[in-house]
Amino acid sequence: MLKGTLLYLANRRPVYRAVMRHDLLRGLTQRYVAGEDLADGIVVAQTLNTQRLMATLDHLGESVTNAAEARAATAGYLEALETISREQVDANISLKLTQLGLDVSRELCVAHLRKILERARELETFVRIDMESSAYTQRTLDVHAELWNEGFHNVGVVLQTYLLRTAADVQRAIEMGVRVRLCKGAYLEPARVAYANKADVDANYARLMERLMAHGTYPALATHDERLIRHAIAFAARESIGPERFEFQMLFGVRRDLQLRLVEQGYRVRIYVPYGRAWYPYLVRRMAERPANLMFFMRSMVQEALAGRRNGRRQG
Ligand code: FDA
């Protein structure tokens, strides 16, 4: 219920404006976001590299409503690719199609993605298309398939185990040879398309993870769930799947202990590093994943309201 309310608030502009005006989430932003600029993302990625962790850089932004913003996001990603290559950072990029203009025009979005994939191919870098809410699942997979069929094989997708359709999508990705990042899913979804029960989402994760590890192309297992990570390690041992055939992925600011422990054990681990000014929806999704973050947010709101009343009394 709380989680649903929070995810609903992720798209409400008045709430967003109040949060920004009062800087209510400063503490959480610092925990989950590298900073406002590409340079901040690069520094974090370089630091992770010194700890043998790989990175994927996410220039925060989604749901853009005009072509100029989509062009700017594309330019931002091209700059990120150049910098990663020039500074020899062990990192690739993650992007969202609504950031490249999918809501403005499909052709525009495809043209932007094509430009990014061309440059990434020249620089021998990989591009991951994040998955957004279920309203975009089919369109995202269709845009991916279009560019894949043009010969761009340096691009992978994300599939979410809370969706009922995902077993079929995993099967198609295996047949195509597409690299999949498997995650549980972070959006508010109706019961007609998604499992409502967390146990079902986790069970589906375990099932699809096994399928991808056994038959897929270098899957990325994106989770902080220790039970599932132990399951992956045991399955790999049982099926003689070497640690070079898959990678674990986690979010910047989440379970650093576990990230480092897996690297120590010889596994490949990539950290998702977001940077940029449009951090609000990303942060709300992170809060929804962890009730303690929600309490922190509520406390900040109450403190802000009390401080406002005190100031009001003083001024009045
Ligand atoms: P679960 O939610 O069960 O959490 C397991 C444990 O992890 C918790 O008990 C807690 O200890 C810790 N934890 C999880 N989230 C935390 C948080 N925010 N703060 C602190 N601790 C936390 N989703 C999506 O819809 N589209 C996408 O493209 C992506 N991309 C993506 C990339 C990467 C690298 C990761 C790791 C995740 C995503 N996600 C995503 C988000 C994903 O769908 C999911 O919401 C989160 O990973 C949380 O789920 P877990 O699998 O970690 O399990």
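Along the sequence shown, the residues carry numbers beginning at 1. When a ligand or atom number is given, it counts from 1 through the structure's own listing order. Only a predicted model underlies this, so the values are computations on that prediction, with no experimental measurement involved.
Annotation: side chain of Gln259 is not in contact with side chain of Gln51 (no heavy-atom distance under 4.5 Å). Annotation: side chain of Val110 is in contact with side chain of Arg106 (closest heavy-atom distance under 4.5 Å). In this structure, the side chains of Val158 and Ile129 stay at 4.5 Å or more apart for every pair of heavy atoms.
Of the listed residues (Arg255, Arg286, Arg227, Glu289), the one carrying the non-hydrogen atom nearest atom 15 (N) of ligand 1 is Glu289. Of the listed residues (Lys184, Met131, Glu189), the one carrying the non-hydrogen atom nearest atom 1 (P) of ligand 1 is Lys184.
Between Glu62 and Arg285 there is a salt bridge, since at least one side-chain N of the basic residue sits less than 4.0 Å from a carboxylate O of the acidic one. Look at Arg119 and Glu79 and you find no salt bridge, because none of the NZ, NE, NH1 or NH2 atoms lies under 4.0 Å from a carboxylate O.
Aromatic ring pairs are classed by plane angle as parallel below 30°, tilted from 30° to 60° and perpendicular above 60°; the pair Phe248 and Tyr267 is perpendicular.
Annotation for ligand 1: atoms under 4.0 Å from non-hydrogen atoms of Gly185 are 25 (O), 42 (C), 43 (O), 45 (O). Within ligand 1, counting atoms from 1 as listed, the ones closer than 4.0 Å to a heavy atom of Arg31 are 20 (C). Listed by atom number, the atoms of ligand 1 under 4.0 Å from Ala186 heavy atoms are 23 (N), 24 (C), 25 (O), 43 (O), 45 (O). Atoms of ligand 1 found under 4.0 Å from any heavy atom of Leu251 (numbered from 1 in listed order, with element): 33 (C), 35 (C), 36 (C), 37 (C). Of all atoms in ligand 1, numbered sequentially from 1 with element shown, those under 4.0 Å from a heavy atom of Asp130 are 28 (O). Applying the 4.0 Å criterion to heavy atoms of Val158 picks out, from ligand 1, the atoms 27 (C), 28 (O).
If you look at Tyr205 next to ligand 1, there are no close heavy atoms at all, none under 4.0 Å. Neither the backbone nor the side chain of Glu132 has a heavy atom within less than 4.0 Å of ligand 1. Contacts of Arg290 with ligand 1, taken as heavy-atom pairs under 4.0 Å, involve the side chain alone. Contact annotation for Arg181 and ligand 1: only side-chain heavy atoms (C-beta onward) come within less than 4.0 Å of the ligand. With a 4.0 Å cut-off on non-hydrogen atoms, Lys198 touches ligand 1 through its side chain and not its backbone.
Between the Glu189 side chain and the Ser134 main chain, a donor and an acceptor come within less than 3.5 Å of each other. With Arg277 contributing its side chain and Glu36 its backbone, the two residues share no donor-acceptor pair below 3.5 Å. Side-chain N or O atoms of Asp40 include one that pairs as donor or acceptor with a backbone N or O of Asp37 at under 3.5 Å.
Here the heavy atom of the protein found nearest to atom 14 (C) of ligand 1 is His224 ND1, 3.8 Å. Nearest protein heavy-atom contact of atom 40 (C) of ligand 1 is Cys183 SG, 3.6 Å. Regarding atom 19 (N) of ligand 1, its nearest protein heavy-atom neighbour is Tyr32 OH, 2.6 Å.
Under 3.5 Å, the side chains of Thr56 and Ser94 contain a donor-acceptor pair of N or O atoms.
The two residues Gly101 and Cys109 have their closest heavy-atom pair at C-CB, 3.9 Å. Across all their heavy atoms, Ile93 and Tyr77 have their closest contact at CD1-CD2, 3.7 Å.
With values rounded to the nearest 0.5 angstrom, Phe252 atom CZ is found 14.0 Å from Tyr275 atom OH.
In summary, of the residues considered (Val269, Asp90, Val273), a side-chain contact (heavy atoms from CB on, under 4.5 Å) with Leu53 occurs for Val269 alone. Each of Thr74, Leu57, Asp58, Leu113 was scored for a side-chain contact (heavy atoms from CB on, under 4.5 Å) with Leu95, with one residue passing: Leu113.
Between Tyr162 and ligand 1, not a single N/O pair is under 3.5 Å apart. Taking distance alone, with nitrogen or oxygen atoms compared against 3.5 Å, Val254 stays at or beyond that limit from ligand 1. Checking only distances, Ala222 never comes within under 3.5 Å of ligand 1, N or O to N or O. Between Gln160 and ligand 1, at least one pair of N/O atoms sits closer than 3.5 Å. For ligand 1, none of its N or O atoms has an N or O atom of Gln249 under 3.5 Å away. Ligand 1 has no nitrogen or oxygen under 3.5 angstrom from a nitrogen or oxygen of Tyr272. Taking any N or O of Thr223, backbone or side chain, at least one lies under 3.5 Å from an N or O belonging to ligand 1.
Distance screen at 4.0 Å: atom 50 (P) of ligand 1 has a protein heavy-atom neighbour inside the cut-off. In this structure, atom 34 (C) of ligand 1 has a protein heavy-atom contact shorter than 4.0 Å. Protein non-hydrogen atoms do not reach within 4.0 Å of atom 9 (O) of ligand 1.
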